[in-house]
There are 2 protein chains.
Amino acid sequence: MKFSTKDRYALRMMVELASRPPETFVPLKAISTSQDISLKYLEQIVTPLARAGLLASERGSQGGYQLTRPAAEITAGDILRAVEGEVIPIPCLAADAEDCPRRPQCRTLSFWEGLNQAINDYIDHVTLQDLCPPAAKK
Amino acid sequence: MKFSTKDRYALRMMVELASRPPETFVPLKAISTSQDISLKYLEQIVTPLARAGLLASERGSQGGYQLTRPAAEITAGDILRAVEGEVIPIPCLAADAEDCPRRPQCRTLSFWEGLNQAINDYIDHVTLQDLCPPAAKK
DNA sequence: ACAATTCCTTTTAACTTTGTAGGATATTAC
DNA sequence: GTAATATCCTACAAAGTTAAAAGGAATTGT
């Protein structure tokens, strides 16, 4: 049970963006340098975040990425869900889960549902602002 | 972020053991049949559970496995930890984690620590008894 | 024109998961 | 004492996932 490095990188990237002045576009190259993540890998990580509407991009010189919402309105859950799809502990809980014949009598399902809720409750109440040092708050 | 099928099977197996009369040894073949898990795979799953002291075994005819403690005293956390080692969301939180140079300034670490705690708090307070239907309680 | 940048697709290497297989060892029943 | 029933132990293999690199096309500002 581990979150992928993509998840970890995405969160780090978003925290860095949140701690920079908003309204300006930050090129991935800058983040690549300061976070020590390869530019090419970052490009892949950023794609689902932009698709999910968490980031706006601008191409070309002076281009880059910026948050589409204030840091206080973007949660870790938003980010992880953008990268992972659903954040669920087992496949049975997927929205499109094939129906398992033993589901009606399954005694472990309630346990996993509870864990799912504990995890999602937590990640949905931590915002990017919570992860930025007060000095950098906007 | 998913728990492995080994984790899921281990939990199912333990719940089944908990819902049978204690003090008797249940052969894996019986569990293999009722849970529809291959005997050979079950053998591998059971090994770490026995090593962790959650199960006692007896070899030979009339042998099998039994819980070493009442179902109310075995938690899902005990089981998952036996199978997985530590239950942690990212490698940085491992007991033997190599020290990361960016750790002192890492702004995401606190998030992962909080998630780790939310997960472990939950799994440590669900017992096998909680997952057994009242009728089968001992 | 040129440099900087995002965007899009493909490929590869390493790793992890999910099993299967074969046999050795212990215990009970007959 | 032999056969049947189990656990135990180790190795192997197939499939899937992750982490990353590579190459180039499209867009924008100077």
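Convention: sequence-line order gives letters A, B, ...; per-chain numbering from 1. For clarity, every value in this text was computed on a predicted model and none was experimentally measured.
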query: Quick one: A:E43 CD to D:dA22 C1', roughly how many Å, whole number?
result: 11 Å

- prompt: Expressed in angstrom and rounded to an integer, what is the separation of A:L42 atom CG from C:dC7 atom P?
  reply: 13 Å

message: With a 4.0 Å cutoff (strictly under), does any side-chain N or O of A:S57 reach OP1 or OP2 of C:dC7?
response: yes

- prompt: With sugar-phosphate meaning primed atoms plus P, OP1 and OP2, does B:R8 contact a base, only sugar-phosphate, or nothing at under 4.0 Å between heavy atoms?
  reply: nothing

- prompt: In B/S/- notation, 5' to 3', how is nucleotides 13-18 of chain D contacted by protein heavy atoms closer than 4.0 Å?
  reply: ------

query: Atom OG of B:S34 and atom CE of B:M13: how far apart are they, to the nearest 0.5 Å?
result: 10.5 Å

- request: Sorted by first residue and then second, give each salt bridge (charged side-chain N to carboxylate O under 4.0 Å, His left out) pair with at least one member in residues 79-96 of chain A; sequence neighbours left out.
  value: A:R81-A:D124

- request: May I have the distance from A:L28 (atom CG) to C:dC8 (atom P), rounded to whole angstrom?
  value: 14 Å

statement: Here the distance between atom C1' of C:dT17 and atom CD1 of B:I45, to the nearest Å, is 12 Å

- request: Can you measure from CG (A:L17) to CD (A:Q66) and round to the nearest 0.5 angstrom?
  value: 9.0 Å

field: Nearest-0.5 Å distance, CH2 of residue A:W112 to CG of residue A:L93
entry: 9.0 Å

query: Could you give the CD-to-C1' distance, from A:Q44 to C:dT12, as a whole number of Å?
result: 12 Å

Which atom pairs link the protein and nucleotides 25-29 of chain C when you take only N or O atoms and keep those under 3.5 Å?
unit_1, atom_1, unit_2, atom_2, d
C:dT25, O2, B:R59, NH1, 3.3
C:dA26, O4', B:R59, NH1, 2.5
C:dT27, O2, B:S61, N, 3.2

task: Go through the steps for A:D7 and A:K2 under the test salt bridge (charged side-chain N to carboxylate O under 4.0 Å, His left out), then give the verdict.
output: CA-CA 10 Å; A:D7 292 326; A:K2 290 272 175 17; over 6 Å; no

- prompt: Would you say the side-chain atoms of A:D78 pair up with the backbone N or O of A:T75, donor to acceptor, closer than 3.5 Å?
  reply: yes

- prompt: By salt bridge (charged side-chain N to carboxylate O under 4.0 Å, His left out), which residues pair with B:D130, not counting sequence neighbours?
  reply: none

- prompt: Base, sugar-phosphate, or nothing for B:Y9, non-hydrogen atoms under 4.0 angstrom?
  reply: sugar-phosphate

message: Between B:R12 and B:E16 (salt bridge meaning N to carboxylate O under 4.0 Å), is one present in this structure?
response: no

- prompt: Please give, in whole Å, the distance from C:dT6 P to A:R51 CZ?
  reply: 15 Å

statement: Within residues 29-40 of chain A, those residues having any heavy atom closer than 4.0 Å to DNA chain D are A:S38, A:K40

- prompt: salt bridge (charged side-chain N to carboxylate O under 4.0 Å, His left out) with B:R59: which residues, sequence neighbours excluded?
  reply: none

- prompt: Any donor-acceptor pair under 3.5 Å linking the side chain of A:S32 with the backbone of A:I37?
  reply: yes

statement: Shortest non-hydrogen pair, A:C92 vs A:R103, comes out as O-NH1, 3.4 Å

d(CD1, A:I90; C1', C:dT17) in whole Å: 16 Å

- prompt: With a non-hydrogen cut-off below 4.0 angstrom, is A:F25 in contact with a base, only sugar-phosphate, or nothing?
  reply: nothing

